[in-house]
Student: 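Let me give you the structure first, and then I'll get to my questions.
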Amino acid sequence: MTDRSLFFAVKPIIHYPREAQVGKTYLMTIDLQPEEGSQWQHEQEEYPIYCKVNSEFFSIKPVGESVVVLHRFGGSYGEMSFLLTATQENADGEINITLVNAWGVAIRTIKLPVNLIKIQQVSNDRPTISDLPIISDEQIYTSKNKLYVICIGGSGAKCLESLIHVAATGVLGDSKLEVLFVDPDESNGNVERTRNSLNIYQKCQELVNAGDRSIDAGWMSAQIKYHGLWSPFAETSQSRDLGSFFHYNALKSTDPALSSFFDVLYSADERNQNLDEGFRGRPAIGAAVMSQIDLRRLGEEPWSSLLQSIEADAMNGQNPRVLLCGSMFGGTGASGLPTIAQLINYRFNNIRQSIRLGCVFLLPYFSFTAPPDAENQEGLFASADGFLLKTEAALQYLADRGGDLFDTIYLLGNETTENANFSIGRSSQRNSPHFIELMAALAAKDFLFEDRMDSVMLLSRQKAGLVTWQDLPDWPNVKKLMGSTVRLSYFWLSEIVKELEQAARVPGFNLFTKQAPWLDRYYDRGNRGESTFKLDTPNQQEAINTISLWCRDHLRWVNELHQCGSDRIELFKTESFGNLNGNVRHDSLSDLIVDDIRDRRTKHQQDDLANIKNSLDNRSKKDINRGTAELVRSLYKQLSI
Amino acid sequence: MSGDFFQPGRSTITRQSSLLPAALNTTFDPQSRVSDSIENVQPGQALPSVVILTALPGDFLAVKAHLRDVCEQIHPETQTVYEFGQFIFGQGAWDVLLVETGQGNTRSANETQRAIAYFKPDVVLFVGTAGGRKDVKIGDVVAGSKIYNYESGKDEEVFRPRPEAERASYPLEQRAKAVVRAWLERRKTPGSEHLPRAFVGAIAAGESVIASTESETAKLLHRNYGDALAVEKEGYGFLAAARQSQGVSAIVIRGISNLLDGKEIADKEGSQELAARNASEFAFEILAQLHGSGSSLVGAEIPQENIEEILKFDLNWKPPTSTAILRFEQDNNGYSIRAHHSQLQTLEIAADRTTLRIELGQFEQLQPWTIETVGDLENYKPKDCLIGKILKWLRYLQNHEPTFVCLMIAEPPTSIVPWELLNLGDRALGLTLQTVRVADDEDGIRVSSLDGACCQGKAMVYTTDDEFEAATQLCLEFPYNYETFFHADPEGILMHWQQIKMEVGLIVMTDASLQQVAVGKRRFFLKRSEMFKRSSSLIMLQSLTGDNSHRALATELLDHGVAGVLGLLEAVDKEISQQIIRLFFEEYRRDANVPIPELLRRMRQEIAQRLDTELTDEMARLYLATSMYAYYGHPMTVLQLTPAEDTP
């Protein structure tokens, strides 16, 4: 008889295709993990559990040995893999897994439901975002093309904020980006935050890339050049209202008919409203202002240096890519984006074939409720009620006129709208990052690396109200790179900075290196005379501070991205770094990424504090590179997934 | 004897000697399976997929040589014949669809479009040979960064070209450049200077075969497409078609088979094969380095299935020392066998598909069985091959574990080995051991209970009009109560089972009725039949009409509550089959308390003893046929039929 107390409880971890296309081959993995609290009461150190997978709907082939070996230290030595090729169509079938113990006895059968779909059927369905073919890994994220991003309005600025953080992770490889803001509201809170992120990134990127780089086209390798912010009112010394802009008072006497027509188009409030804070959600005002931009204006800074750079690239056969980015439902983006695109088209008429022009248009993805007395206090203000109507009008315009304007158009939208705080503009207009802006950043990546022409692609996420890794284009690589970067930021703040601070505080760095020998690998000891690699020198302290600042900014962005009210974002488990001012502990390092597929053993090897520090203390490289930049580069390599 | 051990579609060996042992002894050492891991795709997701197009049969075969598990696929509408297989390398795998387009840009464009629409690949490659124009030697490889259509132009007094070009996808071009660099590095190794070189550059494509550098076309290329490294006939059409498909990356890879002049001489020296081989090598090196496709179209919805159920099992549970278990598995790459016993280290061996040459399917071709067949089997002494190692392990167990009497065998329905007929020492295994065939799944679990079922109650015989006489004859010799039922249609049996209220210990089917009922319908009735839930019944399945064993039916019956099934592994002549049934009941009459597998063993032993004294083909056939009877169920199941009142 069997002693029931010797029963061992395990949880099967199975990855398999719930739906499969006939003719496609899928990777299935099976692992067994002891249930929490299970006691190992067995004579042997390890027990093999063999696995047999069969199904009348698949041709099945094991990859390597089909056995999971359980060991007494709470896990298995690794999963087993099978390749499943779907052979029957339009069937609801089963995959049977039989677990066999060390003595050949089948101890359990697991039946998994699976739905098989004919390949042609699927082609008629709307593909999901993960359908985009992904042929590249981070190593081939190298492009000789340069990406020029012109961000228009507050939403455009927010997209750029996401693009900066995405570029930092290495998703754009070592590409070169040049950016310009267009916004009449120069003090817009979103623009301000993006400029701040850009400033931090540029400093950190310069620091990390100084000396002999040891990371190839990965983290911090994209270069971003900032051309500044341009406002249509920049050169205007007169009052910044629509009437003044069009010399309305003069018109009344010189061309009464035209002034009357102006009256028909714009109310007195609209004519007299100060536009320092943007176009207040009114594309009609924005279109009028923007239409006054002419080629002469584009000859001025900051436009001139940006356009010259585009021209030079085009002449040198570099195929520059110019991406305009803004919202379709507000004032500045909806009016500015087509206008600027037309001007660029006109400006580069002769070399247009050598330039790819694209745009990212954001459909309404947030709304707000204005306070009842908003109009009295603020004059004209944007209203979310008209977003859909304005979007419809803008789409109509784009359909009529935009077809020839752009080589590629990305339209991004969401089923539900996020509730934002009401603001008329300026520094108070500061909204949290939104996942749509992350998608915009990935659209920019697509625009940079792909040549999409002459067709329409519709992509959707898999489940409404939820954003997972699988919803991101090129998700395996994006997940790997974003995951690695968050892990680096987290570990830097939770562990490395603290040790560096302590080392700097302890009199006698030599003593401290006995407890943290890895410090010795990157920094010179106190008695080595003058050295730029001493921990307490200003340049090393500034470098540490720069990296910490960037890590904080990056984690802030990731965390805010997850605070979306309309949708559940399941990319990272942000609880661990939700409060960066609190005590950030390294314990959660293994648990930061949702669906982290590394097995338990890998996690232990890669994330164990002692292992990480041992890897940093790689003395064989002692004479190569030193200093904070080398430290953070080494750390990134160790923490990359 | 006229047959050999050759099974169409299953073995690649050619027909050899008519002597069975000679064929069997050519088996060679098993090869361990390569331990691979797939890292270029997320678990639960589809492998990245590639369509490879070739123009010529030689190019096709050079590509195919890199694939595993190749099978044919037919386009449902156009009847285009594709070959589908997997390219499995160190850390990853690709699904590969291979097609031969024929020559010319138009054909290649058509086939490219069709293949992309059919297979929805991530990548398309055109792999083949080309004439070298500039900077290249025979055997070198050119990956086309752009393909010129050199025939584009206006034909006036002189031909005025209007250059058209298609570009390769940027990521593939980049990856090709990386492979070129790797090949360059490889050539630097001393002794590797002879290795081919590779280039990424322009290729010109048109409809002409250019056989001289002095030809008009060659001059046209020289004047207008001076940077073209190679000339071929399909690349432009291929890239033009691929460009129309969103999201599919494409590139052309060509091995240089001639340098325009002297084409025929080069071809005779085997330059076509060399060029095709090198181009294929290059293509697969590109694929091996393209990680992270993961472009499952629908599989991505729920990539991970966490089974909420916690499985509890006793890791220390062992079957009794009387029992050993053989687990025999087969996939497209070959076979693997594990032999388990609680007192002996598990034997685990694998072999590729050509090494196992003794399967039941091969017996079919040896019909009618003769004394010679038995002689061949007795002479069969496999040593180092897969079968030989298992037999050696069983012999060792038999010599060292006196209680060992029962062998449970789990094997795939497509590849059944006639274990009972193979030699274990100086006697056939089936004469020494009780054998029990088990299904892959639940049967093993049944073994974990030491107590077998007792099939108790009345006996019933189901027969048709045609079989009635034989059934009656059988029943006359039947020493226990039985009831005979006729059935006009097979479903009638299943409906009858729903209505029976008495205990039924044995059901004899005199024909293949149950196999004729559609599987779904059979399940429908069996699910609703209370008889097998109430009774513990043994079902004896008789003659087979199909080409497969009773295994699938037996498994299904067991799943629905039947205690045991006696079935046939291979078709047996009806007359012989009836003799065996009689023999079975003779054994049963001698001792009703022994488990069914032991009854079968005794029956085999009885026939074997008769064969020792009566060396006729008829007896040999009977002996071979007894080994075709297999029992599925618990090894300890016994039969206790209710005696008839008037039975003495």
Side-chain angles (χ1 to χ4, degrees), chain A residues 2 6-21 24-27 29 35 42 47 52 54 61-65 81 83 96 98 100-101 103-110 112 117 119 122-123 127 130-137 140 142 452 455 457 462 470 476-477 597, chain B residues 35-38 41-47 69 86 93 95 120 122-123 170-171 174-175 246-249 290-295 297-307 310-319 325 327 329 331-333 338 340 342 346 440-442 444-445 447-448:
Chain A
T2 302
L6 289 178
F7 270 59
F8 192 62
V10 297
K11 188 173 183 185
I13 308 293
I14 300 172
H15 294 80
Y16 82 103
R18 283 294 298 269
E19 287 188 320
Q21 277 180 26
K24 292 273 178 188
T25 305
Y26 295 82
L27 178 63
T29 58
E35 195 190 17
H42 310 286
Y47 278 86
K52 162 100 179 143
N54 64 55
K61 183 165 46 189
V63 181
E65 283 190 277
S81 305
L83 288 179
N96 297 316
T98 308
V100 176
N101 76 3
W103 290 279
V105 178
I107 46 178
R108 185 61 67 103
T109 298
I110 301 165
L112 304 172
I117 298 170
I119 195 162
V122 177
S123 65
S130 58
D131 299 346
L132 278 176
I134 302 148
I135 305 141
S136 49
D137 61 9
I140 58 171
T142 54
R452 304 198 183 281
S455 67
M457 286 186 78
Q462 297 168 22
Q470 284 78 29
N477 291 320
I597 56 164
Chain B
S35 177
D36 288 330
S37 61
I38 305 293
V41 62
Q42 296 280 330
Q45 300 286 297
L47 296 185
D69 306 332
Q86 267 101 41
D95 269 351
K120 305 274 184 291
D122 301 307
V123 173
Y170 180 77
Q174 286 295 305
R175 183 47 63 193
Q246 279 292 334
V248 180
S249 299
L290 283 175
H291 296 304
S293 174
S295 60
L297 289 172
V298 290
E301 190 180 346
I302 307 174
Q304 173 166 328
E305 183 67 9
N306 277 319
I307 307 299
I310 300 294
L311 307 180
K312 289 188 176 176
F313 39 72
D314 181 4
L315 296 174
N316 286 326
W317 194 90
K318 300 173 185 177
I325 299 175
R327 291 205 162 262
E329 286 165 17
D331 62 37
N332 290 335
N333 294 326
R338 288 194 313 274
H340 304 269
S342 59
T346 296
D440 287 323
D441 38 37
E442 299 290 352
I445 296 163
V447 180
S448 59

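Proteins come first, then strands; the chains are lettered A, B, ... in the order of their sequence lines, and each starts at number 1.
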Student: Hey, are the side chains of B:Lys318 and A:Asn101 touching, using non-hydrogen atoms and a 4.5 Å cut-off?
Tutor: no
Student: Which pair of non-hydrogen atoms, one from B:Leu311 and one from A:Pro12, has the smallest distance, and what is that distance?
Tutor: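 Taking every non-hydrogen atom into account, CD1-CG, 3.9 Å.
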Student: Could you measure the distance from the CD atom of B:Gln45 to the NZ atom of A:Lys24? Nearest 0.5 Å is fine.
Tutor: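 Taking CD in B:Gln45 and NZ in A:Lys24, the distance rounds to 12.0 Å.
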Student: Taking all non-hydrogen atoms of both residues, which atom of A:Thr25 and which atom of B:Gln86 are closest, and how far apart?
Tutor: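 Residues A:Thr25 and B:Gln86, closest heavy atoms: OG1-NE2, 2.8 Å.
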Student: If you compare all heavy atoms of B:Gly44 against all heavy atoms of A:His15, which two are closest, and at what distance to 0.1 Å?
Tutor: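 Heavy atoms of B:Gly44 and A:His15 come nearest at N-CB, 4.0 Å.
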Student: Which distance, rounded to the nearest 0.5 Å, do you find between the CH2 of A:Trp103 and the NE2 of B:His340?
Tutor: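 Between atom CH2 of A:Trp103 and atom NE2 of B:His340 there are 10.5 Å.
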Student: Name the region of B:Thr346, side chain, backbone, both or neither, that has any atom closer than 4.5 Å to a heavy atom of chain A.
Tutor: side chain
